[in-house]
Amino acid sequence: MDGKKDFTLHPVNYPGPKLRAFLEKIHAEGMHYVVINDPGIGVNKSYGTYQRGLANDVFIKYEGKPFLAQVWPGAVHFPDFLNPKTVEWWGDEIRRFHELAPIDGLWIDMNEVSNFCNGLCTIPEGRICPNGTGPGWICCLDCKNVTKTKWDDPPYKINASGIQAPIGYKTIATSATHYNGVREYDAHSLYGFSETIATHKGLQAIEGKRPFILTRATFVGSGHYAAHWTGDNKGTWEDLKYSISTVLNFGVFGVPMVGSDICGFYPAAPPLEELCNRWIQVGAFYPFSRDHANYYSPRQELYQWKSVTKSSRNALGMRYKLLPYLYTLSYEAHKTGAPIVRPLFFTFPNIPELYELSTQFLVGSNVMVSPVLEKAKTKVSALFPPGTWYSLFDMTQVIVTKEPHYRSLDAPLHVVNVHLYQNTILPMQRGGMLTKEARMTPFTIVVAFPLGASEGVAKGNLFLDDDELPEMKLGNGKSTYMDFHATTSNGTVKIWSEVQESKYALDKGWYIEKVTVLGLNGIGGAFDILVDGSKLEDTSKLEFETEEHKFIDKLEDGGHKKSMMLDIKGLELPIGKNFAMSWKMGI
């Protein structure tokens with residue numbers, strides 16, 4: 001930004017022509033560019049956004065005049081997003097900025113609203129504020145406390161700041177007024193939400209694409225419009241652990257696209273290396289996954305340490321293979337409100353031991369992440385609900401338990417334990433360096449039966465669409481949905497799909513190259529595949545590989561049931577056509 005002013009570019013550091021050439025390059029590669037933006041509009045007569053805002057009367061008022069505060073640019077006014085004219089003006093500013101720099105989304109910060117000053121302020125005479133020395137968050141306006149009204153000093157003190165300060169501490173005075181005379185006292189918690197809606201409207205109006213918005217302040221309903229990160233955390237083991245419960249809570253609050261700053265925003269005492277290894281192993285499975293730090297922090301990009309690079313390749317590599325599953329969970333969240341990342345009790349509501357468990361979590365219903373959250377540990381004690389669990393990084397490894405049971409798992413520095421539950425069909429792809437690349441790779445479907453089951457069922461689903469459409473839905477000609485089913489009964493295994501709206505997937509040329517079946521015996525004979533009802537006659541390219549499952553420890557019933565991981569390779573089953581395969585199990 002130029003002087004930290006919204007919708008501007010620094011003429012030396014980010015000249016328009018060079019930035020646009022850079023964006024053209026990354027857009028061609030399938031990458032995206034999202035910039036930060038704060039609600040405070042710098043008070044500056046030569047600043048177009050400010051001038052147009054004044055002309056349209058868009059700012060929050062105090063006794064008839066725009067309320068004055070201080071944020072990064074210095075003195076600012078705050079837009080009143082409850083005013084329809086403000087929403088129009090904001091959309092127009094986004095459009096103007098998009099012409100200057102064709103961004104792909106906005107990261108809207110400081111929108112609780114955050115204010116470096118308190119009370120009623122004026123711009124000082126005879127001195128520059130801020131003067132460019134020292135940290136930018138020290139208040140330099142001339143201010144006096146406002147405590148004369150019941151809105152500023154209410155009888156019920158909520159102590160929101162934790163230091164028994166007035167209710168308007170470091171934010172807008174609560175007796176300030178919005179559109180139609182609505183007081184800040186009544187609208188404060190809606191500020192970030194109303195800004196999110198205005199930003200969504202503005203971004204979508206430009207190109208008709210699904211907007212990407214990342215917001216710090218949220219309210220009930222924010223998850224419909226935006227992703228959220230959990231604010232300024234610290235690079236500590238405690239905050240790594242705390243991030244899991246925070247992310248789980250936001251899923252329950254209806255904000256499914258959520259994550260914490262990986263490795264921490266504020267630095268703790270170095271070294272960060274071990275913590276960063278463990279944090280990316282958690283953060284790769286946050287719905288919103290971002291390594292982000294304070295400007296003054298030591299460097300903490302994931303490539304700063306060889307060990308963290310290795311952990312990142314493992315964990316993010318799995319994330320990118322799981323993109324079809326994560327995207328289908330996003331569709332489910334959109335349709336039903338179900339969180340993407342969930343506490344274990346969502347799938348196992350009848351197990352009281354799980355109600356307070358926040359050191360493990362589920363991605364969807366059936367993928368369980370059990371990370372290391374403590375310093376200098378190379379094992380993790382993980383609680384396994386009853387049933388069969390297969391390691392996602394090595395599907396031959398299996399854990400079976402009849403009762404909820406803690407198991408000690410090996411977790412060397414580069415390893416995160418992720419397990420797939422029985423009765424699941426999991427869609428995966430090969431992965432890639434970019435989501436654009438990963439999305440076009442062939443599919444594998446993993447069918448997980450209970451170990452050694454003579455009778456069993458498994459199911460899963462897959463949603464695919466043009467991911468820039470404003471809404472995730474069927475019926476627009478640019479989406480395909482598949483249900484997957486599998487059964488084993490009387491020695492026969494059947495796996496089949498049911499497709500809705502096949503055209504989009506067929507046009508894209510997606511296909512299934514491999515089916516992996518867990519927990520059963522190998523193929524004995526009578527192997528058949530039907531595609532849209534017609535038998536696949538040429539099966540010469542198919543390869544069948546089996547590998548026996550390995551047990552982490554003895555089964556509780558004392559015996560090892562012999563069972564296999566079966567890979568059926570060389571398939572070319574079009575995503576978008578119904579298929580059915582069946583075979584008799586070997587002895």
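- Side-chain atoms of Asn115 come within 3.5 Å of backbone N or O of Thr171 as a donor-acceptor pair.
- Judged by distance alone, the side chain of Thr8 and the main-chain N or O of Lys5 form a donor-acceptor pair under 3.5 Å.
- Side-chain N or O atoms of Asn366 include none that pairs as donor or acceptor with a backbone N or O of Thr424 at under 3.5 Å.
- Remark: the backbone N or O of Asp410 is paired with a side-chain donor or acceptor of Asn417 at under 3.5 angstrom.
- Taken together, the cysteine pair Cys143 and Cys117 keeps its SG atoms at least 2.5 Å away from each other.
- No donor-acceptor pair under 3.5 Å is formed between the side chain of Asp6 and the backbone N or O of Asn37.
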Could you pull out every donor-acceptor pair under 3.5 Å between side chains of residues 67-79 and any protein atom, sequence neighbours left out?
residue, atom, partner, partner atom, Å
Gln70, OE1, Cys140, N, 2.8
Gln70, NE2, Ile138, O, 3.1
His77, ND1, Phe67, O, 3.0

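- Asp80 and Thr86 are not linked by any side-chain donor-acceptor pair at a separation below 3.5 angstrom, with hydrogens and angles left out of the test.
- Among residues two or more places apart in sequence or in another chain, the side-chain hydrogen bond (donor to acceptor under 3.5 Å, both in side chains) test is passed with Asn111 by Glu195, Thr215.
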Residue pair Ser370, Gln360: steps toward the side-chain hydrogen bond (donor to acceptor under 3.5 Å, both in side chains) verdict: CA-CA 5 Å; Ser370 307; Gln360 296 165 247; 3.2 Å; yes
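- For the pair Ile262 and Gln300, the tightest heavy-atom approach, listed with the atom from each and the gap, is O-NE2, 3.3 Å.
- Here the CD atom belonging to Glu332 is positioned 9.5 Å from the CD1 atom belonging to Ile340, to the nearest 0.5 angstrom.
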Enumerate donor-acceptor pairs with a distance under 3.5 Å from any side-chain N or O in residues 265-278 to protein atoms, sequence neighbours excluded.
residue, atom, partner, partner atom, Å
Glu273, OE2, Ser307, OG, 2.7
Glu274, OE1, Ala376, N, 3.4
Glu274, OE2, Ala376, N, 2.5
Asn277, OD1, Ser311, OG, 2.6
Asn277, ND2, Glu273, O, 3.0
Asn277, ND2, Ser307, OG, 2.9
Arg278, NH1, Gln281, OE1, 3.1
Arg278, NH1, Pro412, O, 3.1
Arg278, NH1, Leu413, O, 3.4
Arg278, NH1, Val415, O, 3.2
Arg278, NH2, Lys377, O, 2.9
Arg278, NH2, Ala411, O, 2.7

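- Rounding to the nearest 0.5 angstrom, the gap separating the OG1 atom in Thr246 from the CG atom in Asn249 is 6.5 Å.
- Using a 30° and 60° split on the angle between ring planes, Tyr225 and His200 fall in the perpendicular class, above 60°.
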Intermediate values then yes/no, side-chain hydrogen bond (donor to acceptor under 3.5 Å, both in side chains), Ser260 and Thr230: CA-CA 5 Å; Ser260 292; Thr230 61; 2.6 Å; yes
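- Aromatic ring centres of Trp90 and Phe81 lie closer together than 6.0 Å.
- Both tests do not hold together for Arg319 against Tyr286: distance to the six-membered ring centre under 6.0 Å, angle to the ring axis within 45°.
- Counting only distance, with no hydrogens or angles, the side chain of Asp152 and the backbone of Ser175 share a donor-acceptor pair below 3.5 Å.
- In this structure, His27 has its ring center no closer than 6.0 Å to that of Tyr33.
- For the pair Ser289 (side chain) and Gly283 (backbone), a donor-acceptor distance under 3.5 Å is present.
- In this structure, His292 has its ring center under 6.0 Å from that of Trp107.
- Distance alone, capped at 3.5 Å, is enough to place a donor-acceptor pair between the Trp389 side chain and the Pro385 backbone.
- Aromatic pair Trp137/Phe116: ring centres not closer than 6.0 Å.
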Quick one: do Ser365 and Arg342 satisfy side-chain hydrogen bond (donor to acceptor under 3.5 Å, both in side chains)? Show the steps, please. CA-CA 8 Å; Ser365 299; Arg342 307 169 189 180; 3.0 Å; yes
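- Ring to ring, His228 and Phe250 are close: their centroids are under 6.0 angstrom apart.
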